[in-house]
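I have placed the structure first, in the form of structure tokens, so that the comments after it can refer back to it.
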Protein chains: 2
Amino acid sequence: MTDDDIHREIFEAIIDGRLEPGEKLGQDELGKVFGVSKTRIRPVLHRLADQKIVVIEPMRGAFVARPSVEDARAVNAARQIIEEGVIRAATRAAKPRHLKILRQIVAEEQGARDRRDGGHAHRLTGEFHCELARITGNDVVAELVRELVSRDSLVVALYQRPASSVCSLGGHTDLIDKIASGDEDAAAHAMRHHLQDVMDSLDLGDEGRKAPSLATAFAHLGSRS
Amino acid sequence: MTDDDIHREIFEAIIDGRLEPGEKLGQDELGKVFGVSKTRIRPVLHRLADQKIVVIEPMRGAFVARPSVEDARAVNAARQIIEEGVIRAATRAAKPRHLKILRQIVAEEQGARDRRDGGHAHRLTGEFHCELARITGNDVVAELVRELVSRDSLVVALYQRPASSVCSLGGHTDLIDKIASGDEDAAAHAMRHHLQDVMDSLDLGDEGRKAPSLATAFAHLGSRS
DNA sequence: AATTCAGTTTTAGTATACGATTTTTTCTTG
DNA sequence: CAAGAAAAAATCGTATACTAAAACTGAATT
């Protein structure tokens, strides 16, 4: 069990939603889970904190990150900016085999949705954008996009509307078409709107449904203080 | 002396070239420097490794990163892709005060060059790109660019030609002009070429001048094996 | 004289131990 | 009985101790 294994294990547990935002990540507790001392857990937690997947409150411990509404908007806006450059480069570099891979991912995505497997579908949605970044042939870019996508996964986990995973259905195929056409500007435009659609499909009205603040939890009582 | 202080201290020592690429970063040694145990050095080293500023070889220790020629090309290519999106967003968002800040940085840069203060000039060059990212008003993007720029600093430190820091002189003012004109495409184009110019000004012929491989060090002897 | 191998020293990686701080529990008091 | 204070438990952060691997030294051998 290497350090990266521990990291990946926790990372995936969070992204897959098996660990809820705000949940406490105790060092000794995790150490017992993985059969190591907390000495090896701490660096992993710090790395996850660097990735904004967890937050570390001094002397209080690590918690699964709970991005605020502003964080959510900032990450999405960042993706619009970054992935504009990415899809432009991808459009310039795209070969038929690349498009084939993208189409395959969309197909699997569709399949997962049909099977009502929202988790898998969501993961493939992220995979699509990562694969898009890979078309550029640049590992640095691919890694950057991967990080942004994973941060966005947390956001979606927190703010996704109950009955809305159909939103990005056409979005990805549209992106592929634009890339295939070689029209860089059209592709960039489509990407910005696609990400904006994802954003708009979120319920950013309250500060996260899970573990809400007391004020919102008891809002139905009205303010009496 | 907080953890971040230690991190920044080592980070800046590397970026400023006070620690040469390839140099060993012993845990106990650094611990003594900062008056702490290696327990607190290790996470810092790992964080720097995440940032690709140092490399950690298992059971051998940490060393100041020595990006290969391929790494150098990849980081520059990544910047071309990422910063295309950034300058487009910046062009759309730019206000007069932003341009003023950029022009000021260029002026300071020019002053530093006149004073033959290459280090300061180089640092301001990076600062220019970070400030450009800040125009987008997005902290996530700004942070991303900052990381890429710092990685590039290492590359430049390794591969810069002895007498060539004049290269990007006109580049930045040109970028400002394009942003001011509001012509997004022109700005994006200028950015790509500016970064390509920086790249071309590097001496990527050998695998780094400092501490070269034995093969290149004794190349003048010819191959006799 | 160069090379290899054994012994020594150094150093990375990990666990344990300990002090400091927070959280929880319990006890007191109005 | 509720609220606050004090004590106890739990847990974070750091240093120290230990183990194992790598680097170094030097002698022996070809």
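Labels below follow one simple rule: chain letters A, B, ... track the order of the sequence lines, proteins then strands, and each chain is numbered from 1.
More than 12 heavy atoms of other residues, nucleotides or ligands lie within 6.0 Å of CD in E143(A), so this atom counts as buried by the packing criterion. Annotation: R115(A), atom CZ; neighbour count of heavy atoms from other residues, nucleotides and ligands within 6.0 Å is above 12. With a 6.0 Å radius and a threshold of 12 heavy atoms from other residues, nucleotides or ligands, R123(A) has its CZ atom at or below the threshold. Atom CD of Q196(B) sits in a crowded spot, with more than 12 heavy atoms from other residues, nucleotides or ligands closer than 6.0 Å.
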Produce the list of close N/O pairs, under 3.5 Å, pairing protein atoms with atoms of nucleotides 21-25 of chain D; give distances to one decimal.
| residue | atom | partner | partner atom | Å |
| --- | --- | --- | --- | --- |
| dA23(D) | OP1 | R60(B) | NE | 2.4 |
| dA23(D) | OP1 | R60(B) | NH2 | 3.3 |

Using a cut-off of under 3.5 Å, enumerate the N/O to N/O pairs linking the protein to nucleotides 6-9 of chain D.
none

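Under the 30°/60° scheme for interplanar angles, the aromatic rings of H129(A) and H172(A) are found to stand perpendicular.
Residues K24(B) and R60(B) form no side-chain contact, since every pair of their non-hydrogen atoms from C-beta on lies 4.5 Å or further apart.
The pair R88(A)-E84(A) meets the salt-bridge criterion, since a charged nitrogen lies less than 4.0 angstrom from a carboxylate oxygen. A salt bridge between R8(B) and D5(B) is present, with a side-chain N of the basic residue lying under 4.0 Å from a carboxylate O of the acidic one.
A distance-only check finds no donor-acceptor pair linking the side chain of D28(A) to the backbone of K38(A) [under 3.5 Å]. A donor-acceptor pair under 3.5 Å links the side-chain atoms of N138(A) to the main chain of V140(A), judged by distance alone. Not a single donor-acceptor pair under 3.5 Å links the side chain of D3(A) to the backbone N or O of V44(A). Remark: the backbone N or O of S68(B) is paired with a side-chain donor or acceptor of D71(B) at under 3.5 angstrom. Listed for the H122(A) side chain is no donor-acceptor partner under 3.5 Å among the backbone atoms of G119(A).
Contacts of residues 41-57 of chain A with DNA chain D (heavy atom under 4.0 Å): R42(A). Interface residues of residues 30-39 of chain A facing DNA chain D, ordered by number: K38(A); criterion, heavy-atom separation under 4.0 Å.
Rounded to an integer number of Å, the gap from K24(A) NZ to dC12(D) C1' is 8 Å. Atom CE in M1(B) sits about 13 Å away from atom P in dT14(D), given to the nearest Å. If you measure from atom CG of D28(A) to atom P of dT11(D), you get 7 Å, rounded to the nearest angstrom.
Evaluation of the ring pair (Phe, Tyr, Trp, His ring centres under 6.0 Å) rule for H120(A) yields no partner, not counting sequence neighbours.
Taking each heavy atom of L124(A) and I105(A) in turn, the nearest pair found is O-CG2, 3.7 Å.
Mapping heavy-atom proximity under 4.0 Å, the span of DNA chain C touched by chain B runs 5' to 3' from dA12(C) to dT14(C).
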